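These values consider heavy atoms only, across backbone and side chains, with no hydrogens, waters or symmetry-generated copies. First the proteins, then the strands, lettered A, B, ... as listed; each starts at 1. None of the values given here were measured: they were computed from a predicted structure.
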There are 2 protein chains.
Amino acid sequence: MRRMTARPGNAHQARLLKLLRDGGPNSRAQLGDQVDLSRSKLAVEVDRLLETGLVVADGLAASRGGRRSHNIRLNPGLRFLGVDIGATSVDVAVTNAELETLGHINHPMDVREGPVAVFEQVLAMAAKLKASGLAEGFDGAGIGVPGPVRFPEGIPVAPPIMPGWDGFPVREALSQELGCPVMVDNDVNLMAMGEQHAGVARTVADFLCVKIGTGIGCGIVVGGEVYRGTTGSAGDIGHIQAVPDGRPCACGNRGCLEAHFSGAALARDATEAAQQGLSAELASRLETGGGLTAVDVAAAAAAGDATALDLIREGGNRTGQVIAGLVSFFNPGLVVIGGGVTGLGHTLLAAIRTQVYRQSLPLATGNLPIVLGELGPAAGVTGAARLISDHLFSPA
Amino acid sequence: MRRMTARPGNAHQARLLKLLRDGGPNSRAQLGDQVDLSRSKLAVEVDRLLETGLVVADGLAASRGGRRSHNIRLNPGLRFLGVDIGATSVDVAVTNAELETLGHINHPMDVREGPVAVFEQVLAMAAKLKASGLAEGFDGAGIGVPGPVRFPEGIPVAPPIMPGWDGFPVREALSQELGCPVMVDNDVNLMAMGEQHAGVARTVADFLCVKIGTGIGCGIVVGGEVYRGTTGSAGDIGHIQAVPDGRPCACGNRGCLEAHFSGAALARDATEAAQQGLSAELASRLETGGGLTAVDVAAAAAAGDATALDLIREGGNRTGQVIAGLVSFFNPGLVVIGGGVTGLGHTLLAAIRTQVYRQSLPLATGNLPIVLGELGPAAGVTGAARLISDHLFSPA
DNA sequence: CTACTTTTTCCACTCACAGGACAAAGACGA
DNA sequence: TCGTCTTTGTCCTGTGAGTGGAAAAAGTAG
């Protein structure tokens, strides 16, 4: 299939494309119910979209009591590539234009190997997905990186955990390689967009999405739109001070949240506890595996290990304290917790909830759900697909 | 003069009204340069505005080399009332449609006397301004109250420091009394709007406005618009924990920022220090005045009193710590410090700056001005006038 | 007084859009 | 099977918003 290059010609067309993306196939009449355009105008715009090839007619819709109508749907041949580069692994997925995941693969990889090596990996994974028959090419790609991004240009700026990426023209380079439009964003923002599109945040306009992985970040959604801040570093909550004069952090300060709780901190604490003989469970895992990760702690906790549970609770308290402050400040309608350590599950969630509900004022917490993300590792790639589709489905 | 009741009939007219409000009198040609409408269309819309009486023709503009044009300006007879209800005093001001303050009076009053008593006072002050010939009536009024507000209805919700106001229909009641449209908002949000309209934040889209008065609050501006949160309590940073297991706070928790630094806390600390004989300066002021306030501390600090300076520095550190967290999270383009304690001036500012620049990451602080508000007590009333003008200058 | 600018008005033309009329296609009861 | 009703899709015309050219009006500069 020839790749699509068309873009909606006006706001109406953009609106229709987004309705079809979010609501699936629809008849003209159903679309008409949603957009407040006259039937004639609607017909014109739909015809134009059909001409561009972005949408296709597709069989008959169910009858609503009278003449049956033909369905309109986004071209089922359209393909988006969603890429989520984490600190320690890469996720790549293919979606159709309705952002349904058709294929998803994960590969461990250290982001510090630098953009060239990571790109090679990403392209290999994309090729693999193509080879398995899921796509012949891509109409657009979204990519998330674990650090701040100058959003309009798609260039990482001063990313602490991926120094080799500073200033690397990610958008431009990937666009060259893939031959399609590309948008770049912070991985946390993409997770927020993913949960907004297909997860727990579907109906909420203002929410926070806290991602606890190797580091800690927070996606901020205001009025349905991701807020990125003046320099693209909004949501960088890993270096908020959680413990006065606490542990030294890589950033040079002491007591940063990330130094006390994160995938990396948790692994280190668990190893220490195991070596000090505080937990037989952790010690045996340390011996078997040669090292401990957040996954081991989760498993130990699930097995009832008191030390592991304490570590999680302690971390949840720290995180909850910081989130409580953010809740007071931002007064969100929902807080989503996600990222690698969601395996820690309800122990973590309970600790966070306790802190937030205790420390923030009732007006802010009264009707505030604090929940785990629904999409897991798919949130990032779904958000990435959503990012590029938002771009492509906007007037040029 | 008959009060204006007209509203702009479409978005173009609204746009023009706001240009005239923010930019003062303009010729048709100058307006045309700013709005991207054809000359004919512009002429039509201006004519309609002239018909409504919202704008008037007003003399000749300076020549730009050819035929001189007639100026168009907002009707100079329009009057807005700006009301800023603080914890311990009430400010009322009259502005014209360009939001220039024509008269401003202040009256000490405890907000806890309740809405009826306060309204009586506000109406008396408004009457006084009228009597002095500044206005014959009001075309709209904005009012700020020191607590969270359900914005669309203009009703305070669960305000901690003004319990008697909970659920009181401020907007409705004041609108009845004044016979004009009224909008109600949190006083901190109005301060932010004031500084945005006429103060230091004129050119910044995303900024924070921290008001330190009897309590502490923070106005949040995202993309030029005030962000109020899901329940209207966004920016309520007074009860963020600044000191683990710190002082007990009226909210039931310990270590809230407000318990450690605010007008009230500062007065209490100063009194304590004076009684313990730590500062002769403060002790003598305590004896003379019968009590100490933030103003006394400011004066003592200005006189070089070490204890007063320490108190201010200590408070600034606490506040700076909290602000540092907010800066990491929100990545604003500017932080404005305002409110009653701005009298503490540069000692306070320096302490805050030190903390923020030390604790937040360079990417967020790199180009981040932290400045005192420019408008002082006028910020609130200017913001209030701005609030109602934004409302009235939008299509009905 | 002339040449040139800028501002303003006037007017004809285009285009988006609404909404009515009508045809097409199916549902459903008799 | 037939006729009626409902829904859907197409065609067409009227309306109003808006553009841009032409010319008049009112200046400036020399």
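Residues meeting the ring-ring contact (aromatic ring centres under 6.0 Å, His included) test with B/Phe138, sequence neighbours left out: none. Not counting sequence neighbours, the partners of A/Asn186 by the side-chain contact (heavy atoms from CB on, under 4.5 Å) test are A/Val188, A/Asn189. For the side-chain contact (heavy atoms from CB on, under 4.5 Å) test, residues two or more places apart in sequence or in another chain that qualify with B/Ile155 are B/Arg150, B/Glu153. Listed by chain and residue number, B/Arg73 satisfy the salt bridge (Lys or Arg N to Asp or Glu O under 4.0 Å) test with B/Asp58 (two or more places apart in sequence, or in another chain). Checked against side-chain contact (heavy atoms from CB on, under 4.5 Å), B/Ala57 has no partners two or more places apart in sequence or in another chain. Checked against side-chain contact (heavy atoms from CB on, under 4.5 Å), B/Ala205 has no partners two or more places apart in sequence or in another chain.
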Can you give one letter per nucleotide of nucleotides 22-30 of chain D, 5' to 3': B if a protein heavy atom sits under 4.0 Å from the base, S if only from the sugar-phosphate, - if neither?
B--BBSS--
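The aromatic ring centroids of A/Tyr227 and B/Phe330 lie less than 6.0 Å from each other.
Regarding B/His12, its NE2 atom lies at a distance of 16 Å from the P atom of D/dG16, rounded to whole Å. The distance from atom CG of A/Leu37 to atom P of C/dA16 is 13 Å, rounded to the nearest whole Å.
Contact check of residues 13-22 of chain B against DNA chain C (heavy atom, cut-off under 4.0 Å) returns no residues at all. Taking every heavy atom of residues 24-32 of chain A and every atom of DNA chain D, pairs under 4.0 Å involve A/Arg28, A/Ala29, by number.
With respect to A/Glu45 and A/Arg48, a salt bridge is recorded, a charged nitrogen being found less than 4.0 Å from a carboxylate O. Checked for salt-bridge contact, A/Asp390 and A/Arg21 meet the test: a charged N lies under 4.0 Å from a carboxylate O. The residues B/Arg28 and B/Asp47 are annotated as salt-bridged, a charged nitrogen and a carboxylate oxygen being separated by less than 4.0 angstrom.
For the salt bridge (Lys or Arg N to Asp or Glu O under 4.0 Å) condition, the pairs that include at least one residue of residues 196-207 of chain B, sequence neighbours left out, are B/Arg202-B/Glu374. Sorted by first and then second residue, the pairs that involve residues 171-186 of chain B and meet salt bridge (Lys or Arg N to Asp or Glu O under 4.0 Å), not counting sequence neighbours, are B/Asp185-B/Arg228.
Remark: DNA chain D forms stems of 3 or more consecutive Watson-Crick or G-U wobble pairs, all pair distances under 3.5 Å, at C:1-30 with D:1-30.
Within 4.0 Å (heavy atoms only), B/Ser38 reaches at least one base atom of the nucleic acid.
Rounding to the nearest 0.5 Å gives a distance of 12.5 Å between CZ of A/Phe80 and CD of A/Glu100.
Below the 3.5 angstrom threshold, one finds a donor paired with an acceptor across the side chain of A/Ser40 and the base of C/dG19.
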